[in-house]
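Letters A, B, ... mirror the listed sequences (proteins, then strands); counts begin at 1.
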Amino acid sequence: MDQHIDIKVKVWRQAGPKAEGHFETYELKHIFQGASFLEMIDILNEQLISEHKDPIAFDHDCREGICGMCSMYVNGHPHGPDSAITTCQLHMRKFKNGETITIEPWRSRAFPVIKDLMVDREAYDKIMQAGGFVSVNTGGIPDANAIPIPKADADEAMDAASCIGCGACAAACKNGSAMLFVSAKVSQLALLPQGKVEAAARAKAMVAKMDELGFGNCTNTGACAAECPKEVSLANIARLNREFLCAKLKD
Amino acid sequence: MWLKDSSIGRKLVMSISGLALVFFLLFHGAMNVALVFSEEAYNWICEFLGANWYALVGTLGLAGLVVLHFVYALYLTVQNRLARGKDRYAVTAKREGVEWESENMLVLGFVVIGFLVLHMANFWFKMQFTEIMHILGAHDFSVSEFAPTDGAGLVKALFTTPIWGQVYCVLYLVWLVALWFHLRHGIWSALHTMGFNNLKWMKRVKCIGTLGATLVVGLFAVVVFYYLGYGIGELCAQAPAVVEAVEVIETVPVVDSVEVVVDTVQTVVL
Ligand code: HEM
Ligand code: SF4
Ligand code: FES
């Protein structure tokens, strides 16, 4: 049964990108365990505003696990201790009465902090712009069944396409590597006939952008896949390696 | 050059150099197992390889691989540390499915290379290096009482001398444990990096890694255990002398170093 609990929240406060950050601890009383994690932060912010203090800046949008905005490192896990969900889908019933919850922003050189828990994840957009699309000459909409695609490929492409670009993979990785994200984006297209045409050029362009932006070298520890809210598989990374190496060997 | 400038290229160098070293270790380990069956056979191999041109080319190649692997390991690690940014997480939790060895590859690598230096001093210096010196004209160069082609004698002396022999056995076993962990992640990771993996093969590739690591380490461990058993057998045969040695040690008021113990045991036993 959900109860009301008293908690302490230890939050990273940082006034701006260049400012020194530090932790601040706040006490929260009588939080309903049925509340979502972000609702808890909303309550905390109302409390801060009523005390004439600066509310905590944090990113959020859809609050239903599809936009990938709610980047937060909760008790040592991106998106909190539960598996296969985003922070906005996390509930307070995952926490105990009297617990101190530590909330940090993504910490990665390529995701600089904007303010408090809010980080700049534009690096992922830049990688997408480098090649994460299919160039099409628009015309009539083709019939859905005009191009036969094996079910297994369609399923794997769909699973890769479930990536919401949240950045938890790079945030969780001890190497600050973005390989899970990039591999998901490369795979979702490389697996389908429409995307295959540009697969080699895409892999090269996206990896080059990823390296340029300062993400680390993947050493296959698997922390990314363990923390990914969409359970994107490490197998995608092998596919990206394959696409990239074949493309380079052909040059 | 993409092998240096792209992350996947760098990883490819890591994996190919690593796998090449794995194949060398398999070869080396298989050679060592001969010791358990026949010392003559092993010495025949030592003589055959010795300081022949192909053995020298091989050794240079291996040295190159180790240097390449080591330099890239440092380069990758520095880049990866930088990629994390300047602030560390205050809380980090253990994650299911993330193997300990995968997060400590550099440390394991340092242990492996540290023992490698010891190993070179123990054997290579006394065998191939000595032969090279002889070829170069320094005919009376010698750092060991054993002929450079008497590998078996050298191994037996190192691993079965009372006490120090057993200490060496344990040291080599520590080395092998570190190597096992390094390879358990290294082998599957290398295959994954080279693109040989997919959803279906994920479990199999990891299994290949564990089996490969166990095979390589097992080949070496068999020989160490063989001599450890042999050495302990010898010690037991001299048990009365050991009891005497222990009594002598007990009369030393403060045994302040392993050396004292070992020296006492050695003087009494031998
Ligand atoms: C003779 C002994 C060694 C063998 C057989 C070996 C083998 C391997 C293999 C197969 C890999 C996997 C490559 C990949 O994931 O792409 C690897 C990775 C690695 N090795 Fe070694 N290695 C040895 C010695 C060392 C040494 C001396 C160091 C240095 C300190 C080292 C540090 C590393 C690091 C940091 C990695 C990267 C981790 C990773 O890719 O997951 N290794 N090694
Ligand atoms: S792969 Fe997973 S963790 Fe990485 S950005 Fe996509 S959804 Fe987030
Ligand atoms: S707010 Fe959209 S995924 Fe959490």
Side-chain angles (χ1 to χ4, degrees), chain A residues 10 12 14 21 23 73-77 81 83 102 104-113 152 156 159 170-177 179 203-204 207-208 210-211 214-223 225-227 233-246 248 251, chain B residues 1-3 5-16 72-73 75-106 185-186 188-203 205-206 209:
Chain A
K10 191 174 152 199
W12 183 257
Q14 183 172 337
F23 280 105
Y73 218 80
V74 183
N75 283 353
H77 293 281
S83 61
T102 308
E104 304 174 67
W106 284 177
R107 298 194 196 279
S108 175
R109 185 177 56 172
F111 295 152
V113 172
E156 224 183 319
D159 286 344
C173 177
K174 82 169 182 54
N175 307 318
S177 164
M179 285 287 274
K204 280 192 287 187
V207 169
M210 168 183 91
D211 291 341
F215 289 103
N217 308 279
C218 170
T219 65
N220 307 317
T221 65
E227 295 289 8
S233 163
L234 276 188
N236 291 304
I237 296 185
R239 183 177 299 100
L240 170 60
N241 289 332
R242 202 154 59 230
E243 293 283 342
F244 180 86
L245 293 174
C246 289
K248 281 292 183 191
D251 283 352
Chain B
M1 187 46 185
W2 66 278
L3 289 176
D5 298 330
S6 77
S7 57
I8 300 179
R10 286 188 289 267
K11 285 294 320 221
L12 184 69
V13 173
M14 262 331 268
S15 51
I16 290 182
Y72 264 69
Y75 182 36
L76 251 72
T77 306
V78 167
Q79 282 195 324
N80 292 349
R81 289 288 293 186
L82 288 175
R84 291 260 8 104
K86 72 178 198 336
D87 288 314
R88 306 274 127 194
Y89 288 112
V91 184
T92 44
K94 174 141 180 41
R95 302 171 218 284
E96 217 142 302
V98 179
E99 308 285 355
W100 167 85
E101 56 269 30
S102 74
E103 299 192 303
N104 293 284
M105 287 296 274
L106 187 73
H185 179 69
W188 97 261
S189 170
L191 293 172
H192 194 81
T193 299
M194 293 158 83
F196 300 120
N197 204 353
N198 60 27
L199 269 184
K200 199 185 247 158
W201 274 77
M202 187 66 74
K203 278 208 176 110
V205 170
K206 288 194 176 175

Nearest atoms (heavy-atom pairs only) where B/Ala83 meets A/Gly214: CB-O, 3.4 Å
Under 4.5 Å from any heavy atom of chain B - which part of A/Ala208: neither
Separation of B/Lys11 NZ from A/Ser177 OG (nearest 0.5 Å): 9.0 Å
Rounded distance [0.5 Å steps], CZ in A/Arg107 versus OG1 in B/Thr92: 11.5 Å
Aromatic ring pairing A/Tyr73/B/Tyr89, orientation class (parallel under 30°, perpendicular over 60°, tilted between): parallel
Contacting moiety of A/Cys246, where chain B heavy atoms sit under 4.5 Å: neither
Closest-packed option against chain A by number of heavy-atom pairs under 4.5 Å, given B/Arg88, B/Lys86, B/Lys94, B/Glu101: B/Arg88
Proximity breakdown for A/Phe23 and chain B, heavy-atom pairs closer than 4.5 Å: side chain
More than 12 heavy atoms from other groups under 6.0 Å of OH on B/Tyr75: yes
Flag side-chain contact, heavy atom, 4.5 Å: B/Asn197 against A/Asn241: no
Heavy-atom pairs under 4.5 Å with chain B, option from A/Ala225, A/Cys173, A/Ser83 with the top count: A/Cys173
Contact origin within A/Ala172 toward chain B - heavy atom pairs under 4.5 Å: both
Full working for side chain to side chain contact (heavy atoms under 4.5 Å, CB included) between A/Asn175 and B/Leu76: CA-CA 9 Å; A/Asn175 307 318; B/Leu76 251 72; over 6 Å; no
Side-chain touch B/Asp87/A/Trp12, heavy atoms, less than 4.5 angstrom: yes
Donor-acceptor contact below 3.5 Å, side chain B/Arg95 vs main chain A/His77: no
Heavy-atom pair of closest approach, residues A/Asn220 and B/Trp188: O-CZ2, 3.6 Å
Toward chain A, the part of B/Glu96 with a non-hydrogen atom under 4.5 Å: backbone
Region of A/Glu156 that comes under 4.5 Å of a non-hydrogen atom in chain B: side chain
Side chain, backbone, both or neither of A/Ser233 within contact of chain B (heavy atoms, under 4.5 Å): side chain
Check: A/Thr219 main-chain N/O paired with B/His185 side-chain donor or acceptor under 3.5 Å: yes
Flag if over 12 foreign heavy atoms under 6.0 Å of CH2, B/Trp2: yes
Part of B/Arg10 within contact of chain A (heavy atom distance under 4.5 Å): side chain
When B/Leu199, B/Asn198, B/Asn80 are compared by non-hydrogen pairs under 4.5 Å with chain A, the top option: B/Asn80
No-hydrogen, no-angle side-chain donor-acceptor test under 3.5 Å, A/Asp211 and B/Ser7: yes
Under 4.5 Å from a heavy atom of chain A, the part of B/Lys200 involved: neither
Contacting moiety of A/Pro81, where chain B heavy atoms sit under 4.5 Å: neither
Pick from A/Thr102, A/Leu245, A/Val207 with the largest number of heavy-atom pairs that fall under 4.5 Å of chain B: A/Leu245
Most contacts with chain B, counted as non-hydrogen pairs under 4.5 angstrom, among A/Asn217, A/Asn75, A/Thr221: A/Asn217
